[in-house]
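First comes the structure, then the notes that go with it.
For clarity, every value in this text was computed on a predicted model and none was experimentally measured. Values below: every heavy atom of this structure, side chains too, minus hydrogens, waters and symmetry copies. Numbers restart at 1 for each chain; the letters A, B, ... are given by sequence-line order, proteins then strands.
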Amino acid sequence: MTNNEIAHIFRTIADILEINDENFFRIRAYRRAAQNIENITEDIREMVKEQRLHIPGVGVDLAQKITELAQTGKLEYFEALKKKIPAGLLEIMSIPGIGPKTTKLLHEQLGIDSIAALEKAAHEHKITAVFGLKEKTEENILKGIALLRHKHEHTLLSTAMAVAERITRELSRVPELSRMSVAGSVRRQKETVQDIDVLVTSTQAQKIMDAFIRLSPVSEILAQGPTKAAVRTIEGIQVDLRVVEPESFGAALVYFTGSKEHNIAIRELAKKNGLKINEYGVFSEQDERRVAGATEEDVYAALRLPYIPPELRENRGEIEAAMRGELPKLIERPQVRADLHVHSEWSDGNSSIEAMAAAARGRGFEYMAITDHSQSLGVAHGLSPARVSEQIAHIKTLNKKLKNFRILCGTEVDIKADGTLDFSDKVLEQFDVVLAAVHSGFKQSRDQMTMRLITAMRNPYVAIIVHPSGRLIDERPAYDFDFEAVADTAARTGTALEINCYPKRLDLDDVHVRRAREKGVMVSLGTDSHSPEQFQCMDLGVAVARRGWLEPGNVLNCLKLEEFLKRIKQKH
DNA sequence: GCCGTTTTCGGCCCGACTGTTTTCAGTCG
């Protein structure tokens with residue numbers, strides 16, 4: 001029973017309790033615990049074994065339930081609960097617009113216990129037989145079901161950012177608009193997002209709303225009120241707009257940026273201090289007087305907190321850190337001096353080394369590592385040792401011509417199934433920097449895969465393990481390995497772990513990056529560019545680094561060239 | 001079901017929009 005499986009069971013319990021109309025706070029307790037369990041990289045079974053199940057939101061009762069799940073793989077309470085309601089009710093509740101109350105009503109009055117039955121009833125206009133439901137609800141049920149069927153669960157951050165850019169560019173032409181910011185999970189730079197949130201200030205909200213629903217990417221209007229609207233774009237992405245008065249911009253930006261969990265936490269904190277926070281400002285509870293609201297800094301200051309960067313606002317300890325004055329000084333894009341993972345036409349890239357160097361330089365980098373694939377990776381035209389020698393000679397001549405920029409000779413060497421590398425040490429010693437990666441045998445056991453990675457890290461030439469988990473977002477899960485053991489070895493051997501910046505990888509993810517930092521592991525940023533325009537993906541990698549609480553000192557790429565080379569030599 | 005810089009009991013974030021009915025519950029974020 002993995003952490004995510006346990007979290008999923010807790011969420012399911014919450015859903016069932018909700019249909020059964022149980023105490024709202026009890027339901028929330030299960031959801032809160034589930035979220036905190038997902039934020040742990042350590043295997044919860046180990047924590048149970050060693051009796052140190054200290055997780056926020058997990059008290060005596062939930063700790064007992066986790067222990068039962070970890071030890072037996074089952075939970076009596078959950079099994080009994082499942083018998084109380086048909087499984088189909090949970091999927092009905094997942095239809096947008098249909099919540100626990102409606103689900104229960106449909107089940108009790110019409111015996112509906114599946115999406116199929118619900119769809120049939122709606123087509124036959126039987127929904128209106130239920131008191132309180134009319135034609136509009138019937139329509140919304142059918143729309144919701146259709147949406148559920150072909151909605152892509154997640155939108156990649158890179159895709160969402162492109163759509164957000166188009167929306168805000170068009171909206172910025174409305175003369176009545178004074179300020180605008182993207183908010184929500186896009187602003188927090190989550191790797192995937194469900195919708196795009198846009199905040200606008202204006203004293204003429206109606207004008208903004210009118211313009212918003214007429215923007216060219218809009219295909220459907222989902223909701224429209226005087227200050228709030230929601231549309232769906234032709235790409236199928238939901239965009240929410242909120243308009244507030246200028247004096248409320250900061251409070252609204254905090255509120256609309258979230259996360260929901262962060263908002264709840266700061267509102268609780270406000271309450272303890274006799275204050276109330278909503279999207280219009282921070283108010284004194286006694287006399288309703290506004291004490292802050294115009295800027296985010298003011299809002300946090302009213303709570304006696306320093307400004308908390310959006311990427312940290314997940315209620316994963318950032319508020320406590322802020323209170324102690326221990327927020328990290330997060331890495332920023334201009335501090336990144338290099339791209340340490342770049343391909344060229346010598347293996348599976350589409351451009352010459354010269355073209356890639358020019359593009360990297362144009363992006364403000366001081367150096368980059370060309371890291372083409374090794375010999376056995378046939379699909380990617382991996383380089384033989386002879387070709388490696390040729391490439392190194394070629395790069396040497398190129399470097400002579402370059403001013404204020406340096407190309408490093410690197411390789412992305414394949415880690416074979418037994419943990420040995422695709423090049424001998426004799427070949428590896430010629431490179432400035434060696435990246436190692438798993439490209440095959442993803443189905444190996446947890447122990448095998450862990451040993452494979454650890455063996456690779458013990459090689460003195462391996463500087464960085466790239467895309468360490470092997471996942472592709474919404475396409476392929478990470479291979480099974482013991483991250484704690486791998487991170488410990490990385491720290492001990494002085495091997496860096498990569499944040500691969502390719503939009504579908506973003507591997508390591510934010511949670512693991514943060515854990516790596518805690519263990520003193522250096523992190524490397526690599527765009528894995530196969531063409532010049534892909535260097536822009538560095539922004540995504542920086543976003544993950546920031547979400548993982550990284551400071552410039554945690555990141556290899558922030559080292560000056562000489563320092564970087566010195567560090568690599570240290571491991572040799 | 002959790003939790004404690006007033007509390008081990010009694011709180012637990014806050015508001016907008018929709019659909020329905022006519023003052024509000026349900027849903028969402």
Is the shortest side-chain N to carboxylate O distance from [X] to [Y] below 4.0 Å?
X         : Y         : result
Glu79(A)  : Lys82(A)  : yes
Arg316(A) : Glu261(A) : no
Glu165(A) : Arg169(A) : yes
Arg52(A)  : Glu42(A)  : yes
Arg242(A) : Asp197(A) : no

What interatomic distance, in whole Å, is found between [atom1] of [M] and the corresponding atom of [N]?
N       : M       : atom1 : value
dG15(B) : dG10(B) : P     : 26 Å
dC17(B) : dT22(B) : P     : 23 Å
dT23(B) : dG19(B) : C1'   : 13 Å
dT27(B) : dT21(B) : P     : 16 Å
dA16(B) : dG11(B) : P     : 25 Å
dC13(B) : dT20(B) : P     : 30 Å
dC3(B)  : dT7(B)  : C1'   : 10 Å
dC12(B) : dT6(B)  : P     : 16 Å

Which whole-number value in Å describes the distance from [X] [atom1] to [N] [atom2]?
X         : N       : atom1 : atom2 : value
Ile92(A)  : dG26(B) : CD1   : C1'   : 17 Å
Arg188(A) : dG29(B) : CZ    : P     : 13 Å
Leu105(A) : dA25(B) : CG    : P     : 15 Å
Ile141(A) : dT27(B) : CD1   : C1'   : 13 Å
Met93(A)  : dT27(B) : CE    : P     : 9 Å
Gln35(A)  : dC2(B)  : CD    : P     : 16 Å

With no hydrogens and no angle check, is any side-chain donor or acceptor of Ser114(A) less than 3.5 Å from a backbone partner on Gly88(A)? no

Write out a two-atom table: protein N or O, nucleotide N or O from nucleotides 19-21 of chain B, distance below 3.5 Å.
from: dG19(B); atom 1: OP1; to: Asn140(A); atom 2: ND2; distance (Å): 3.3
from: dG19(B); atom 1: O3'; to: Thr137(A); atom 2: OG1; distance (Å): 3.4
from: dT20(B); atom 1: OP1; to: Lys134(A); atom 2: N; distance (Å): 2.6
from: dT20(B); atom 1: OP1; to: Thr137(A); atom 2: OG1; distance (Å): 2.8
from: dT21(B); atom 1: OP2; to: Lys134(A); atom 2: NZ; distance (Å): 3.2

Sugar-phosphate only, base, or nothing, as touched by Lys104(A) at under 4.0 Å among non-hydrogen atoms: nothing

Proximity to the side chain of [X] - top-ranked nucleotide from [options]:
X         : options                   : answer
Gln238(A) : dG29(B), dG26(B), dA16(B) : dG29(B)
Asp61(A)  : dA16(B), dT27(B), dC2(B)  : dC2(B)
Arg242(A) : dG26(B), dT18(B), dA16(B) : dA16(B)
Lys101(A) : dA16(B), dC2(B), dT27(B)  : dT27(B)

Go ahead and name the base partner of dG15(B); Watson-Crick or wobble counts if both distances stay under 3.5 Å, otherwise write none. dC28(B)

Which sits closer to the 5' end of DNA chain B, Val58(A) or Pro100(A), going by the nucleotide each is nearest to? Val58(A)

Nearest nucleotide by nearest heavy atom, which residue falls closer to the 5' end of DNA chain B, Tyr280(A) or Ile98(A)? Tyr280(A)

Ile308(A) vs His262(A), side-chain contact (heavy atoms from CB on, under 4.5 Å): CA-CA, chis, key distance, verdict: CA-CA 11 Å; Ile308(A) 300 177; His262(A) 176 88; 4.0 Å; yes

Parallel, tilted or perpendicular: which one describes the rings of Phe10(A) and Tyr30(A), with boundaries at 30° and 60°? perpendicular

Would you mind building the protein contact string for nucleotides 5-14 of chain B? One character per nucleotide, 5' to 3', B for base within reach (heavy atoms under 4.0 Å), S for sugar-phosphate only, - for untouched. -------BBB

Within the pair Thr227(A) and dC17(B), is there a side-chain N or O less than 4.0 Å away from OP1 or OP2? yes

Ignoring hydrogens and angles, write down the donor-acceptor pairs under 3.5 Å from the side chains of residues 244-255 of chain A, residues two or more places apart or on other chains.
from: Glu247(A); atom 1: OE2; to: Arg290(A); atom 2: NH2; distance (Å): 3.2
from: Ser248(A); atom 1: OG; to: Tyr280(A); atom 2: O; distance (Å): 2.8

Can you tell me if Glu135(A) and Thr128(A) form a side-chain donor-acceptor pair at under 3.5 Å? no

